[in-house]
Amino acid sequence: MRWPRRKPKAEAPPADQLLPPEGVPIYLRIAGVGVRLAAQITDILITVIASIAFLIVLGALDLTSPETWGAIAYMLFFIIRVPYYVLSEIAWNGQTLGKRLMKIKVVSYDGRSLKVHALVVRNLMKEAEIFLPATLVLVLDASEPAFTLPALIWIIGTCLVPLFNKRRRRLGDLIAGTYVIHLPQPVLLQDVSNLSLRRPKTKQDFSFLSHQLDHYGAFELQTLEELLRAQTSRMPYQTGKTYADTLAQIVENIRRKINYPDNITEDQRLQFLQAFYNAQRAHLEQRQLFGERRSDKFFDENDSKETS
Amino acid sequence: MESADLIRSARFREEREADWRRLEALVQEAEARGVTGLSFMQARDLSSLYRQATTSLAIAREISLDKALLAYLEALTARAYLSVYAPQERLGGVFAKFLTKGAPQAMRRSWAFIVLGFLCLGLGALSGYLLYFDDPDWYHVFLPDSLSAGRGPGSTTEYLRRVIYDDDPSAQGRGAFATFLLSHYTRIAIFVFGLGVFLCVPAIALIFYNGLMFGAFVALHVNRGLGWDIAGWLSIHGVTELSAICIACGAGLQLGFAVLFPGQRTRAQSLRVAGRDATKLALVAALMLVAAALLEGFGRQLVQDLNTRLWIGWGVGALWLAWFCLAGRRRR
């Protein structure tokens, strides 16, 4: 018997990439199992609290007797949670309260609007995928291996489904055609190149020659960017000796690497770093415009490897 | 610093920053109030600013090495994309469409699975019925005490009759038992639906077991000569309730079949396609369960006459069938 040969797979786009009609690929970061678990636990807490509140109201109105409290509480929890997930995701376009708190969101696999039926089915499946295994785990009995073993295998199998696909989809997501992403948070920080750092008393212009700027790549540039950005939010207590030493070390390293002749005095260090950042960025961006991307300081070695 | 002193990518940012901020505000508003809550001008600006932002992103990826700017633009375009292309669906008319078209059409498309669901329940009931007449002790094997509410081979015929024709509707515990039964069946419906995807096996097992319980329960009453009475007692809501469970089972089986026999599609694709009809079936089942609860809560206690009970039960069943068969057909 011949096995049907698999077609060689075409180069699949990354799982978090989406190509809108504009043709510029955008990236929606896939939410991992941990953050989704946190959102789920938050939702469970919310529904449990709601059912306890209902139970107290019922108790105050004398509608239940203490013997039946267990059964009624279980039923209330069930009656509240099933519509809670469906309705909240419909109302907030794919976010329950827990998901809002964790800043994650359900999106459709094709990047279009979420259909109502998709939200209904992914939350109905939650019963079979999360609540039933969770209840089973609580009631499993080691003395009955004939029932316990298959149940355990089934529970583990269900839990593993999200780990075996790239978009971390559980069964309900697969049926609904949805997956969960981190909701992108646009925060525009100031441009480091025109940041106003503390000015030294003596203003001095630093100038760099082009061969001095041929040592570093984008990675080092962006690390320097983060360092400079941290200066704006620097607390007064960060002016200690270790801090000054670190800064001195960085300046000294750069100076040695690029063969910068002049000495840098202590109050000029930040100014020097910023001037170097600006010159380096302008230089690298220009190289990039000419088609030469330098991802890090090893760009020379990479080049020679490719050509040889 | 003068703008002439700026490096090129910083100038690029300075020229466009106001537009990006504006888009950010618009996206926030669109998310809070929905795209339909925007004014005409705002909606127009949202889409054109979004397109500008995608262009900015494409350019920035080429010319800029400013990490903060790149991260911001990536997040902004992605967020704007979601509010332009994946806004909240309009909910108006969803219910009407579901009732008049979606549900009955889905029911007709998946009739084979529903028949399979009924078969599983029917076979279970038949086995339970026959097994009871073989040996009444089977009754205790199938029905846990919490479900039978004291009715078993040991109870007297008189007691069984009293339960069926309940003289005192406000009897303690009766209401709680009914609600318990309801949530029991709702849970079973959700489980047979959700478990179907695990290669059909758990769904079939669960519904077969429920058939066994049902069969044994009926057999107990038939044995005492209460056959017609229990038929009436069960019919008034059971026709609707058991059909709902079979339909939920049919939906689950449909998902299981999609996993087992995906055909030319991948399993994920085939699940997604099967999910559309299966969800509608599950919702129909939920609707029927609510109706069954109303029938059980009011009908069973208010209507004590055997024939009326039978009429109501099967009449409602016929109405469901008419809905499934007749509604949503295209006019020729």
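Heavy-atom basis, side chains included; hydrogens, waters and symmetry copies ignored. Labels below follow one simple rule: chain letters A, B, ... track the order of the sequence lines, proteins then strands, and each chain is numbered from 1.
Within a 6.0 Å radius of CZ in A:F54, other residues, nucleotides and ligands contribute 12 heavy atoms or fewer. Remark: A:K115 NZ is packed, more than 12 non-hydrogen atoms of other residues, nucleotides or ligands lying under 6.0 Å away.
Nearest heavy-atom pair across A:E225 and B:D66 is OE2-OD1, 3.0 Å. What you find for A:R229 and B:A68 is that their closest heavy atoms are NH2-CB, 3.1 Å. Heavy-atom minimum distance, B:A75 versus A:P184: O-CB, 3.6 Å. The two residues B:E89 and A:L114 make their nearest non-hydrogen contact at CG-O, 3.1 Å. For the pair A:V187 and B:Y72, the tightest heavy-atom approach, listed with the atom from each and the gap, is C-CD1, 3.4 Å.
For A:L18, the part sitting under 4.5 Å from any heavy atom of chain B is the side chain, from C-beta outward, and nothing else. For B:E74, the part lying near chain A is the side chain, with the backbone staying farther off; criterion is any non-hydrogen pair under 4.5 Å. Of the two parts of A:L189, the backbone and the side chain both hold a non-hydrogen atom closer than 4.5 Å to a non-hydrogen atom of chain B. Looking at B:R79, both its backbone and its side chain come within 4.5 Å of chain A, counting heavy atoms on both sides. For B:S270, no part lies near chain A; criterion is any non-hydrogen pair under 4.5 Å. Only the side chain of A:Y109 comes within contact range of chain B, with at least one heavy atom under 4.5 Å from a heavy atom of that chain. With a 4.5 Å cut-off on non-hydrogen atoms, A:R293 touches chain B through its side chain but not through its backbone. Contacts between A:Q185 and chain B at a heavy-atom distance below 4.5 Å involve backbone atoms as well as side-chain atoms. With a 4.5 angstrom heavy-atom cutoff, A:W92 touches chain B only via backbone atoms. Heavy atoms closer than 4.5 Å to chain B are found in the backbone of A:A91, but not in its side chain. Looking at B:F98, there are no atoms closer than 4.5 Å to chain A (heavy atoms on both sides), in backbone or side chain. For A:L28, the part sitting under 4.5 Å from any heavy atom of chain B is the side chain, from C-beta outward, and nothing else. Proximity to chain B is absent for every atom of A:K126, based on heavy atoms less than 4.5 angstrom apart.
For the set A:G94, A:A118, A:G111, A:S108, the count of heavy-atom pairs under 4.5 angstrom toward chain B peaks at A:G111. Put simply, of A:L188, A:N93, A:V192, the one with the most heavy-atom pairs under 4.5 Å next to chain B is A:L188. Your options are A:R29, A:E127, A:K105, and the one with the most heavy-atom pairs under 4.5 Å with chain B is A:E127. Residue with the most contacts toward chain B among A:P20, A:G172, A:A218, A:A176: A:P20 (heavy-atom pairs, distance under 4.5 Å). Looking only at heavy-atom pairs under 4.5 Å with chain B, the residue among A:V121, A:D191, A:L124, A:L171 that has the most is A:D191. Taking chain B as the reference chain and counting heavy-atom pairs below 4.5 Å, the highest number among A:G23, A:A282, A:P25, A:G157 is found for A:P25. Ranking B:L65, B:L76, B:L195 against chain A, the residue ahead of the rest is B:L65, based on heavy-atom pairs under 4.5 Å. Between chain A and the residues B:S64, B:A58, B:A258, B:A268, the largest count of heavy-atom pairs under 4.5 Å involves B:S64. Interface remark: of the candidates B:A78, B:S9, B:A10, B:G34, B:S9 forms the most heavy-atom pairs closer than 4.5 Å to chain A.
Without hydrogens or angle criteria, A:Q286 side chain to B:R8 main chain gives no donor-acceptor distance under 3.5 Å. For B:Q88 (side chain) and A:I90 (main-chain N/O), a donor-acceptor pair under 3.5 Å exists by modelled atom type.
Partners of B:K67 according to the side chain to side chain donor-acceptor pair (under 3.5 Å) rule, which considers only residues two or more places apart in sequence or in another chain, are A:E226. Remark: B:R265 pairs with no residue by the salt bridge (charged side-chain N to carboxylate O under 4.0 Å, His left out) rule, at least two apart or across chains. Applying the salt bridge (charged side-chain N to carboxylate O under 4.0 Å, His left out) criterion to B:R21, with sequence neighbours excluded, gives B:E17, B:E24.
Looking only at side-chain heavy atoms (C-beta outward), A:L183 and B:L82 come within less than 4.5 Å of each other. Contact of the A:L289 side chain with the B:I63 side chain is registered, since non-hydrogen atoms from C-beta on lie closer than 4.5 Å. Here the side chains of B:Y85 and A:D110 are not in contact, with every heavy-atom distance at 4.5 Å or above. B:V197 is not listed as a side-chain neighbour of A:L174, based on a closest heavy-atom distance of 4.5 Å or more.
The line from CZ of B:R272 to OG1 of A:T178 is 10.0 Å long, rounded to the nearest 0.5 Å. For the atom pair CG (B:L57) and OH (A:Y27), the distance works out to 9.5 Å, reported to the nearest 0.5 Å. Of the inter-residue distances, the one linking B:L73 atom CG with A:I26 atom CD1 reads 12.5 Å to the nearest 0.5 angstrom.
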* **Step-by-step side chain to side chain donor-acceptor pair (under 3.5 Å) determination, B:Y50 to A:E22** => CA-CA 10 Å; B:Y50 158 69; A:E22 282 73 30; 2.9 Å; yes
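Chain A is approached within less than 4.5 Å, heavy atom to heavy atom, by B:G275, B:R276, B:T279, B:A282, B:L283 from residues 275-287 of chain B, ordered by number.
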